[in-house]
Amino acid sequence: MSKQSLTLSNELHAYLVAHGTPPDSLIADLIAETSAALGGVSSMQIAPEQSAFFTFLAKVIGVRAGVEVGTFTGLSSLSIARGMAPGGKLICFDVSEEYTSIARRYWERAGVADLVELRIGPAADRLGELPAEPHLDWVFIDADKENYATYWEALVPRVRPGGVLAVDNVLWSGRVLDPEGERSESTAAMIAFNDLVAADKRVEPVMLPIGDGLTLAYKR
Ligand SMILES: C[S@@+](CC[C@H](N)C(=O)[O-])C[C@H]1O[C@@H](n2cnc3c(N)ncnc32)[C@H](O)[C@@H]1O
């Protein structure tokens, strides 16, 4: 048997989602509303199995202090907040009032609005507002690819030993293997970012073929 991960057909993906913790009615509504309101842009949303995985991780890690860069309509933040302990805080950065207005409604509906703080503005400018010491249990980076390295450098020192950084789209639909010369700016940024993480001795990374590729990095 091959040790490679399977390429999932639509049917196998649906099977995998159904046999994990499938989306409940609230998450199903958020996925449907994002698609109806935003059309093709809705593909920016994390995958349903990532949502269940994030709630699971938040519980296992015991997330009390988290940061998210790239909130969109709220699926990843909602998933983390649902697994957080009471009194925790997830600070979310995004540039879009339009997208995050949907997120705010779903945080309210899920009863987690008091755990989430939204800060609107370019994250590269705003991450410096966070305390400099290593206080974060969880970081999720899922915004503009060209700034991933900037977000990483701002956030790694702020994660406590034993905390976790998660980064989305690290396989970039396979374009990380694109031959030189055919690279867009975002593809080049993703390739350079993955090399940066692999060489970063402050963390122990694993790259998982879930969704569009997810790196989880354990802070030493
Ligand atoms: C891939 S989507 C995030 C998806 C989200 N994590 C989810 O689960 O639905 C990327 C988000 O990054 C935001 N974004 C883009 N550039 C940004 C920047 N410079 N600073 C902060 N957010 C940014 C976009 O507005 C968009 O909502």
Side-chain angles (χ1 to χ4, degrees), residues 17 21 23-24 26-58 63 66-84 90-107 109-110 112 115-130 138-155 158 164-173 175-176 184-187 189-190 193 208 210-216:
V17 171
T21 303
D24 63 7
L26 183 95
I27 288 182
D29 285 356
L30 173 55
I31 293 170
E33 180 173 346
T34 301
S35 174
L38 301 172
V41 182
S42 63
S43 66
M44 292 207 293
Q45 197 168 47
I46 58 164
E49 67 274 27
Q50 271 178 294
S51 160
F53 188 39
F54 280 10
T55 304
F56 175 97
L57 283 174
V63 175
V67 162
E68 173 172 280
V69 184
T71 293
F72 192 44
T73 60
L75 183 53
S76 49
S77 52
L78 177 61
S79 307
I80 288 296
R82 278 182 151 183
M84 282 170 64
L90 178 67
I91 300 180
C92 293
F93 295 87
D94 203 290
V95 284
S96 173
E97 290 280 8
E98 182 199 352
Y99 298 155
T100 55
S101 65
I102 297 176
R104 285 184 199 274
R105 277 197 281 110
Y106 280 86
W107 296 331
R109 266 184 68 181
V112 299
L115 300 180
V116 183
E117 181 186 327
L118 178 62
R119 300 191 186 179
I120 295 290
D125 299 340
R126 303 216 50 186
L127 288 175
E129 297 167 4
L130 298 168
W138 169 261
V139 160
F140 181 45
I141 299 176
D142 188 19
D144 49 326
K145 310 310 160 198
E146 294 80 357
N147 276 318
Y148 267 29
T150 302
Y151 303 147
W152 180 262
E153 293 304 342
L155 290 167
R158 293 178 158 96
V164 171
L165 298 101
V167 186
D168 205 22
N169 305 111
V170 293
L171 295 177
W172 205 221
S173 304
R175 294 192 296 277
V176 286
S184 68
E185 205 180 319
S186 45
T187 299
M190 188 54 77
F193 176 75
L208 302 175
I210 175 173
D212 189 26
L214 178 75
T215 286
L216 292 180

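Only a predicted model underlies this, so the values are computations on that prediction, with no experimental measurement involved. One-based numbering, in listed order, for ligands and for the atoms of each.
The backbone N or O of Trp172 lies less than 3.5 Å from no partner atom in the side chain of Asn169, so there is not a single donor-acceptor pair.
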Derivation and outcome, side chain to side chain contact (heavy atoms under 4.5 Å, CB included), residues Arg109 and Asp29 = CA-CA 11 Å; Arg109 266 184 68 181; Asp29 285 356; 2.8 Å; yes
Please walk me through it: do Leu130 and Leu155 pass side chain to side chain contact (heavy atoms under 4.5 Å, CB included)?
-> CA-CA 9 Å; Leu130 298 168; Leu155 290 167; 3.9 Å; yes
Where do Phe54 and Phe140 land on the ring-ring contact (aromatic ring centres under 6.0 Å, His included) test, with the steps shown first?
-> CA-CA 10 Å; Phe54 280 10; Phe140 181 45; 4.8 Å; yes
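Contacts of ligand 1 (protein heavy-atom distance under 4.0 Å) are Met44, Gln45, Ile46, Gly70, Thr71, Phe72, Leu75, Ser76, Asp94, Val95, Ser96, Tyr99, Gly121, Pro122, Ala123, Phe140, Asp142, Ala143, Asp144, Tyr151.
Each of Thr55, Asp142, Asp168 was scored for a side chain to side chain donor-acceptor pair (under 3.5 Å) with Gln50, with one residue passing: Asp168.
Side chains of Ser76 and Glu68: a donor on one and an acceptor on the other come within 3.5 Å.
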